[in-house]
Amino acid sequence: MNERYEPLSIEPRWQKRWEEAGTFRAGRRPTAEKRYVLEMFPYPSGAMHMGHARVYTIGDALARFLWARGYDVLHPIGYDALGLPAENAAIKDGRHPAERTRENIVSFRADMKRLGYSFDWEREIATCEPEYYRWNQWFFVKMLEQGIVYRRQGKANWCTGCATVIANEQVMADNTCERCSSPVVEKVIPEWTFRITAFAQDLLDGLDGLTEWPERITTMQRNWIGRSEGAEVDFAVEGSTERIKVFTTRVDTIFGCTYVVLAPEHPLVAKLSTADRRADVQAFVQRMAKTDAIERTGEGAPKEGVFTGAHAVNPFTGARVPVWIANFVLAEYGTGAVMSVPAHDQRDFEFARKYGLPIEVVIQPAAGERLGPGASLEKASTEDGVTDRSGPFSGLASAEARRRMSAFAKEQGFGDATVRWHLRDWGFSRQRYWGTPIPIIYCEDHGAVPVPEQDLPVVLPPQAIITGTGEPPLAKVPEFVATTCPRCGKPARRETETMDTFVDSSWYYARYLSPKDDGQPFDAALAKRWLPVDVYVGGPEHAVMHLLYFRFWHRVMHQLGLVQEKEPCKRLVTQGIVNGPDGRKMSKRWGNVVSPGGMVEKFGADTVRLFMLFAAPPEKDIDWSDEQVDGLFRFLSRVWRIFVARQPCFAAPDAALPQAAGDALELRRRTHRTIKKVSEALGEGGDLKFNTGIAALMELVNALYAFEPKSEPDRAAVRESLVAVAALLSPFAPHAAEELWHEVLGAPARDRLLADEPWPPFDPALVAADVVTIAIQVNGKLRGDVQAPVGAGEAEVRALAEAEERVKAHLAGKTIRKVVFVPKRLMNFVVG
RNA sequence: GGGCGGGUGGCGGAACUGGCAGACGCGCCGGACUUAGGAUCCGGUGCCGAAAGGCAUGAGGGUUCGAGCCCCUCCCCGCCCACCA
């Protein structure tokens with residue numbers, strides 16, 4: 001065999017053989033149990049970067065392991081190919097997004113192939129192809145029929161940078177765009193909307209079953225869905241028939257309500273303001289309208305408001321309370337009106353202090369000192385407690401008070417218990433070009449008519465003029481716009497908006513099941529076998545966007561009878577970022593970008609893969625490190641050299657193994673323990689910890705260097721170990737593994753592939769130690785250790801321990817008060 | 001303000017269910033082989049100390065024979081959400 005490890009000369013060869021043999025075709029083992037391993041598909045903007053190399057390497061190591069474990073594995077890949085970056089680039093240089101995207105796909109595909117990923121390439125999809133997006137349109141029409149899609153009139157989030165409407169999930173906390181960080185403003189524009197809120201409770205409940213998702217992701221979804229239980233209560237307005245409906249989660253505090261506050265945009269503001277206050281109110285409302293949302297509601301924004309002159313009546317107490325408007329009350333949350341209880345709400349407290357409104361304590365802490373009058377408080381007391389000065393509801397625990405008071409309000413007809421959600425419906429119209437055309441035709445007589453199924457797809461016209469000015473580009477393509485009404489045949493116009501590209505990624509995992517199917521989005525029978533996805537690998541940044549949308553979409557598909565289960569994916573693995581060598585995010589700006597392609601050319605795919613897996617567990621961020629990469633190349637070279645050095649062992653017969661004894665037996669033990677450790681590191685019965693699995697392999701290789709075979713049984717033990725090293729290496733560094741495996745096995749393996757071989761089993765008898773090292777402590781401090789047979793009892797170990805010189809010295813002249821014995825581990829003498 | 005993660009050598013990271021802290025790798029130091037070595041192989045490497053020994057997992061307390069791990073108080077870092085009524 002070649003004396004030196006030369007990855008570039010061996011890697012393409014194995015890639016070709018896997019490809020030709022169809023080694024990774026899903027469905028090859030129809031009678032075997034299935035596993036669906038999926039990584040989030042890439043958005044092909046420019047070339048592949050290190051982040052991609054990391055996700056796909058993680059998924060690939062797992063997929064290869066599962067193949068070896070005997071499963072029928074589905075491990076597909078495709079391209080999330082529609083979207084703004086390609087369109088924005090087109091505005092700059094005039095190249096058509098389709099042309100650019102297809103070129104990028106070619107580059108991505110080449111890079112991924114060079115990394116040796118075990119994708120089933122026959123299932124490759126690209127969402128920009130009409131064969132794919134026609135099914136987005138098909139789903140749209142179905143969902144319209146089901147009432148899940150509707151046309152909404154109202155305020156939408158308009159991204160000033162992307163020049164389009166975006167979804168709530170795409171608006172960041174500081175009112176900037178998730179994609180481009182430009183300010184997001186409100187714009188009154190009709191939008192096509194998914195009624196995701198109809199699934200809010202179900203999406204929330206489903207989270208409890210996602211026990212194999214990272215808790216932080218399910219928590220984020222839970223918070224985003226934001227179920228909030230409370231009550232609505234109507235306050236009558238004095239001298240008017242109008243009622244102010246407030247939403248509160250703390251109806252138990254209502255006897256302490258000393259004023260009511262409306263959002264400046266609340267429809268009643270104009271009606272209720274008294275003549276003497278009108279000028280002030282109008283000025284305030286106008287000022288708020290001009291102030292942008294960040295400034296108005298951002299952290300640290302001072303609370304401001306004005307009195308409207310009107311009064312409302314607390315239906316529980318009959319008390320007359322002033323009605324104010326204030327900046328911190330948001331029209332879009334709850335009812336846009338709040339009852340203020342300054343004693344028990346911090347915002348209300350600050351506002352009351354500022355404007356001299358009364359503060360009345362109506363909740364006493366369940367334990368501890370009673371609260372004095374409101375005026376003496378330093379801050380609001382917001383904990384649940386016991387109701388006080390609350391009329392017939394006094395003396396109740398907060399939770400009980402809420403139940404009774406809500407029931408009372410309902411009985412009296414001025415309120416009820418209610419649930420509010422943070423989740424909003426998903427507006428998915430985009431005033432952009434590079435997306436799925438929304439299959440709607442506007443007819444003068446029939447309104448918005450869905451394109452009939454047999455007329456799909458509505459193909460995106462290639463001749464668009466893309467300007468990014470906010471006008472839908474499709475509106476400027478007359479031959480696209482002009483059509484006829486499917487109902488009456490009269491001239492009509494097409495919808496010119498396109499779909500949010502999150503639609504594409506909401507169901508792509510199902511398209512992989514039958515990617516070329518032209519009669520349906522996917523084959524339901526195949527879905528029954530392959531879904532749900534068993535392991536999904538991707539970045540945590542998608543927690544409340546993609547990962548919420550695809551859970552929603554799966555429920556829709558469930559409702560349409562296309563899939564059996566409600567959740568799309570059993571286990572989610574979120575991987576960390578690959579930063580530059582300087583610890584900063586890789587970026588042209590810092591000049592710290594390292595490309596996977598370049599690294600593969602320099603070190604080979606196996607070294608790059610090993611780096612991705614060895615640097616840290618999948619979920620942690622890592623820094624690219626040239627030194628660590630050198631180290632991993634060195635490791636593979638070291639593996640290679642030990643095979644070269646131990647070539648004389650290649651022919652040793654297995655028959656010699658049972659006689660192995662002494663050091664050879666020790667080597668065999670190490671071999672089998674390593675098999676067990678690597679299997680566990682690959683997720684067998686726990687988390688993925690590729691780093692410790694590779695570390696275990698390194699230890700075994702170190703042991704092989706230390707062992708000089710002298711006899712036939714020795715050589716057999718070495719051979720067994722070498723075969724195991726090759727097999728265990730195969731999920732991580734598959735090319736080197738194939739090469740080495742074939743070298744050891746020689747002619748008998750010529751027509752076989754390691755990638756096709758079963759995972760090596762370990763012998764439990766060899767994994768179990770027969771002699772163990774037991775740590776000996778005196779008063780909890782380590783004073784030595786003894787070797788004892790694995791079954792040694794306390795008396796036996798104690799005798800050994802007391803014979804140890806260091807232990808003896810520490811026990812000398814002391815009284816042993818107690819001896820703690822942990823079998824196989826430790827003995828502790830407690831002395832005085 | 002709320003939620004979720006974290007804090008371990010010079011660095012990345014190990015440590016099963018409370019049982020020898022620092023596996024493995026990087027870096028560094030030394031040795032061998034060499035005309036040479038930024039190759040390779042071997043050895044060493046938490047800190048203090050000549051040693052015995054002592055001290056060490058963000059800080060301080062507690063529980064325990066024994067704590068990186070459990071409990072309490074606090075500090076710091078990251079991510080997500082946020083005047084959400």
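Any value given below was found using the heavy atoms of this structure, including those in side chains, with hydrogens, waters and symmetry copies removed. Order of the sequence lines fixes the chain letters, A, B, ..., with proteins taken first and strands second; residue numbering starts at 1 for each chain.
B:C81 atom P lies 7 Å from atom CH2 of A:Trp224, rounded to whole Å. Look at CZ on A:Phe351: it is 18 Å from P on B:A85, rounded to the nearest Å. The interatomic distance linking A:Ile776 (CD1) with B:G66 (C1') rounds to 14 Å, in whole Å. Distance, A:Leu697 CG to B:A23 P: 18 Å, rounded to whole Å. Rounded to a whole Å, the CG atom of A:Leu826 is 18 Å from the P atom of B:U17. The CZ atom of A:Phe633 sits 14 Å away from the P atom of B:C26 (whole-angstrom rounding). Taking atom CZ of A:Arg402 as the reference point, atom P of B:A85 lies 12 Å away to the nearest angstrom. Between the P atom of B:C80 and the NE2 atom of A:His542 lies a distance of 13 Å, rounded to the nearest Å.
B:G58 and B:C69 are spaced 16 Å apart, taking the C1' atom of each and rounding to whole Å. To the nearest whole angstrom, the two C1' atoms, one in B:U57 and one in B:G6, are 13 Å apart. Between the C1' atoms of B:G49 and B:G54, the separation comes to 8 Å (whole Å). Of the C1' atoms belonging to B:A21 and B:A15, the separation is 7 Å, rounded to the nearest Å. To the nearest whole angstrom, the two C1' atoms, one in B:G46 and one in B:C42, are 23 Å apart. Taking the P atom of each, B:A51 and B:A14 are spaced 32 Å apart, rounded to whole Å. Comparing B:C71 with B:C4, their P atoms sit 14 Å apart, to the nearest whole Å. Rounded to the nearest Å, the gap between the C1' atom of B:A23 and that of B:U8 is 13 Å.
Remark: A:Arg638 is positioned above the aromatic ring of A:Tyr705, its terminal NZ or CZ atom under 6.0 angstrom from the ring centre and at most 45 degrees off the axis.
Looking at RNA chain B, the stems built from 3 or more consecutive Watson-Crick or G-U wobble pairs, each pair with its key distances under 3.5 Å, are B:1-7 with B:75-81, B:10-12 with B:24-26, B:27-32 with B:40-45, B:46-48 with B:53-55, B:58-62 with B:70-74.
Residue A:Arg641 holds its CZ atom at 10.0 Å from CZ of A:Arg634, rounded to the nearest 0.5 Å. Between A:Met612 atom CE and A:Met599 atom CE the span is 10.0 Å, to the nearest 0.5 Å.
For B:C81, neither phosphate oxygen OP1 nor OP2 lies less than 4.0 angstrom from any side-chain nitrogen or oxygen of A:Arg222. Under 4.0 angstrom from either OP1 or OP2 of B:C26 there lies at least one side-chain N or O belonging to A:Arg634.
When each of A:Ser637 and A:Glu699 is assigned the nucleotide of RNA chain B with its nearest heavy atom, A:Glu699 is the one assigned upstream, toward the 5' end. The 5' end of RNA chain B is approached more closely, in terms of each residue's nearest nucleotide, by A:Met698 than by the other of A:Met698 and A:Asn828.
When distances run from any side-chain atom of A:Arg347 to the nucleotides B:A85, B:A23, B:G66, the shortest one goes to B:A85. Of all nucleotides listed (B:G25, B:G27, B:C20), B:C20 comes nearest to the side chain of A:Leu782. Of the candidate nucleotides B:G19, B:C84, B:C20, B:C84 has the atom lying nearest to any side-chain atom of A:Leu330.
Residues A:Lys585 and A:Asp623 are not paired through a salt bridge, judged by the lack of any N-O separation under 4.0 Å between the basic side chain and the carboxylate.
Using a 4.0 Å heavy-atom cutoff across all strands shown, A:Val338 reaches at least one base atom of the nucleic acid. Looking at heavy-atom distances under 4.0 Å, A:Gln777 makes contact with a base. Residue-level contact check: A:Arg641 touches the backbone only, with heavy atoms under 4.0 Å from sugar-phosphate atoms and none from bases. Residue contacts for A:Thr773: at a heavy-atom cut-off of 4.0 Å it reaches a base atom on one of the strands shown.
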Given protein heavy atoms under 4.0 Å, the one-letter contact record of nucleotides 2-15 of chain B, with B base, S sugar-phosphate only and - none, is simply -SS-------BSSS
Letter by letter from the 5' end, nucleotides 42-57 of chain B scores (B base, S sugar-phosphate only, - none; protein heavy atoms under 4.0 Å) S----------SSS--
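Across A:Thr248, A:Thr253, A:Thr387, A:Asp384, a single residue satisfies side chain to side chain donor-acceptor pair (under 3.5 Å) together with A:Arg402, and that is A:Asp384.
Aromatic rings of A:Phe316 and A:Phe414 (six-membered ring for Trp) have centroids within the 6.0 Å cut-off, being under it. Separation of the A:Trp426 and A:Phe502 ring centroids does not fall under the 6.0 Å cut-off. Between A:Phe351 and A:Phe328, the distance from one ring center to the other falls under 6.0 angstrom.
Partners of A:Phe690 by ring-ring contact (aromatic ring centres under 6.0 Å, His included), not counting sequence neighbours: none found. With sequence neighbours excluded, the residues forming a salt bridge (Lys or Arg N to Asp or Glu O under 4.0 Å) with A:Arg420 are A:Glu232, listed by chain and number.
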Check residues 817-829 of chain A and write down every donor-acceptor pair under 3.5 Å in which the side-chain atom is one partner and the other belongs to a residue at least two apart or another chain.
residue: A:Asn828; atom: OD1; partner: A:Asn779; partner atom: N; Å: 3.4
residue: A:Asn828; atom: OD1; partner: A:Gly780; partner atom: N; Å: 3.0

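Of the possible donor and acceptor atoms, none in the side chain of A:Lys354 sits under 3.5 Å from a partner among the backbone N and O of A:Glu304.
B:G43 adopts an anti glycosidic conformation, its chi angle falling more than 90° from 0.
A pairwise comparison of heavy atoms in A:Phe611 and A:Ser625 identifies CZ-N, 3.6 Å as the closest pair. A pairwise comparison of heavy atoms in A:Thr607 and A:Phe603 identifies OG1-O, 3.4 Å as the closest pair.
Counting atom types as modelled, A:Arg825 pairs a side-chain N or O with a base atom of B:C16 as donor and acceptor under 3.5 Å. A donor N or O paired with an acceptor N or O is not found under 3.5 Å between the base of B:C65 and the side-chain atoms of A:Lys818.
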